[in-house]
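Positions are given from 1, in the same order as the sequence printed here. From a predicted model like this one, the values you see are computed outputs, not experimental measurements.
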Amino acid sequence: MTSQPPGVHRPQWPYCEKRCSYCNFNKYIPRNLDELRMKNCLIQEAKTLIQLSKVQRITSVFFGGGTPSLASPLTISGILDTVSQCAHLAEGIEVTLEANPASADALRLSEFQKAGVNRLSIGIQSFDNAELKLLGRNHTACDAFGTLEEAKKLFPGRTSIDLIFGLPGQTVASWIQGLEKALAVCDDHISLYQLTLERGTSLFKQVHQGFLPTTNVDIVSEMYECARHVLQNSGFHQYEVSNFSKNGAFSTHNLSYWQGSQYIGIGPGAHGRFVVRGDGKNHREARIQTLEPDVWMKEVLAFGHGTRKRTPLRELDILEEVLMLGLRMDIGITHQHWLQFAPYLSLWDVFGEAEEVQELAEHGLLILDDRGLRCSWKGLAVLDSLLLILLKQLQQAWMDWRPQSTTY
């Protein structure tokens with residue numbers, strides 16, 4: 001019997017001080033929060049799901065949210081202690097905490113470090129006060145600079161910031177000006193995210209009612225391209241569509257996710273991917289935890305976990321995920337990695353003879369060679385359009401092959 005592959009752990013803290021104008025994530029404003037109860041439930045679910053997944057080795061832990069920097073450092077340390085008791089923690093394990101400047105002063109960051117956090121991801125979003133107000137953030141540019149400086153002292157080489165572009169009324173010049181402000185103080189890791197107007201959010205309503213201008217698609221594309229060049233010229237390496245690192249400060253957690261590792265999501269609304277053993281075969285399933293915190297806690301206390309939905313993934317589902325996630329990285333998908341999921345249908349079998357794929361290669365957007373399949377630097381900028389073609393080709397190759405048995 002082969003050993004289980006390593007996993008990554010993704011605790012979810014669902015609470016925020018306020019809801020930002022662009023956010024439609026599973027977030028809640030705490031009212032009389034019983035943090036001890038929440039902590040105990042997170043610990044219990046961690047125990048249960050690690051046992052169910054049969055993961056024996058954890059390679060990274062990522063505290064996401066919500067705003068996990070609102071949690072007590074004792075909650076964070078309690079979860080980490082539990083994980084270490086239930087599975088072996090890999091040497092040099094990366095433990096990331098998402099933080100907002102308004103809830104991450106120097107003392108609190110120091111306490112998180114003592115609790116076991118060794119990497120910080122700061123949701124700065126912008127260094128412009130007018131843009132922060134538009135986004136509904138509850139921190140100022142001054143707060144952002146202060147938090148970043150303290151984080152760099154406590155987590156040298158392991159501090160990341162998030163920035164958002166494509167805001168209503170934002171210009172290419174103002175975006176690049178803000179990015180250059182970030183580069184003056186951040187020399188580790190930067191994540192760039194295009195603003196998506198999500199239905200049901202305040203920002204969506206303001207734009208669609210005409211109170212705010214719509215953002216031109218071509219301008220947004222120019223923002224992204226200009227940012228890539230600015231970061232490249234500043235010594236940053238783009239290792240994924242949205243992520244840029246300097247001096248090797250990439251996120252090992254995110255790399256594991258994009259490479260299709262199984263991951264254990266705990267907490268309200270958390271998502272996970274399990275590799276379930278049975279009948280001598282490995283099967284992969286998607287898991288979603290109950291969204292509403294109070295209901296989730298009741299389920300954890302009753303059953304040991306709050307998994308609301310389990311969906312077995314077909315082989316084609318898995319290959320589509322491997323393709324979509326793997327091509328987000330600059331290294332793409334190696335032949336060896338692909339064969340772990342499809343030992344019967346190689347990358348050459350799927351894409352080698354396809355005319356549309358060959359055209360993408362001729363246009364300098366895609367590369368298929370002895371290393372594997374990957375986007376060029378130019379191709380990463382238009383990945384979504386490439387995936388439309390590649391997924392269609394994968395589905396066609398799968399239909400032509402028509403496997404007779406499921407082996408993964």
**Asked** Is the H335 ring parallel, tilted or perpendicular to the W348 ring (thresholds 30°, 60°)?
**Response** parallel
**Prompt:** Does the side chain of L163 come within less than 4.5 Å of Y193's, by heavy atoms?
**Reply:** no
**Asked** Quick one: does Q170's side chain have a donor or acceptor within less than 3.5 Å of a partner on G166's backbone?
**Response** yes
**Request:** Answer yes or no: is there a donor N or O on one side and an acceptor on the other, between the side chain of W338 and the main chain of L345, under 3.5 Å?
**Result:** yes
**Prompt:** Side chains of Q44 and N40: do they bring a donor and an acceptor to under 3.5 Å?
**Reply:** no
**Request:** Establish, for the pair R228 and W377, whether the NZ or CZ atom is under 6.0 angstrom from the six-membered ring centre and no further than 45 degrees off its axis.
**Result:** yes
**Prompt:** Can you tell if the side chain of N100 reaches within under 4.5 Å of the side chain of I122, non-hydrogen atoms only?
**Reply:** no
**Message:** Please determine whether side chain to side chain donor-acceptor pair (under 3.5 Å) holds for the pair E299 and Q289, giving the CA-CA distance in whole Å, both sets of side-chain angles, and the decisive distance to 0.1 Å.
**Reply:** CA-CA 10 Å; E299 292 176 355; Q289 308 309 103; over 6 Å; no
**Close side-chain approach of H189 and F236, heavy atoms under 4.5 Å** = no
**Asked** Using 30° and 60° as the class limits, which term best fits the ring planes of Y239 and H237: parallel, tilted or perpendicular?
**Response** parallel
**Asked** Could R199 and F204 be counted as a cation-pi pair, given that NZ or CZ must be under 6.0 Å from the ring centre and within 45° of the axis?
**Response** no
**Asked** Can you find a side-chain donor-acceptor pair between E45 and W296 that sits under 3.5 Å?
**Response** yes
**Message:** Is any side-chain heavy atom of V220 closer than 4.5 Å to one of Q194?
**Reply:** yes
**Message:** Testing the 3.5 Å rule here: is there a donor-acceptor pair between the side chains of N243 and S191?
**Reply:** yes
**Message:** Donor-acceptor pair, distance only, cut-off 3.5 Å: does the side chain of N118 make one with the backbone of I93?
**Reply:** yes
**Asked** With distance as the sole test, does Q12 use its side chain to make a donor-acceptor pair with the main-chain N or O of P14 at under 3.5 Å?
**Response** no
**Request:** Check step by step if side chain to side chain donor-acceptor pair (under 3.5 Å) holds for D143 and T140.
**Result:** CA-CA 5 Å; D143 295 333; T140 65; 3.1 Å; yes
**Request:** Examine R10 relative to Y257 and say whether NZ or CZ is less than 6.0 Å from the centre of the six-membered ring and inside a 45° cone about the ring axis.
**Result:** yes
**Message:** Would you say that L197 contacts Y22 through its side chain, given a criterion of any heavy-atom pair below 4.5 Å between the two side chains?
**Reply:** no
**Request:** Flag the pair P73 / R108 as yes when at least one side-chain heavy-atom distance between them is below 4.5 Å, and no otherwise.
**Result:** yes
**Message:** Are there over 12 heavy-atom neighbours, none belonging to E198, within less than 6.0 Å of that residue's CD?
**Reply:** yes
**Asked** Under 3.5 Å, is there a donor-acceptor pair linking the side chains of H305 and T48?
**Response** no
**Asked** Does some side-chain heavy atom of L179 sit less than 4.5 Å from a side-chain heavy atom of F127?
**Response** no
**Item:** Salt bridge flag under 4.0 Å for residues E94 and R158
**Value:** no
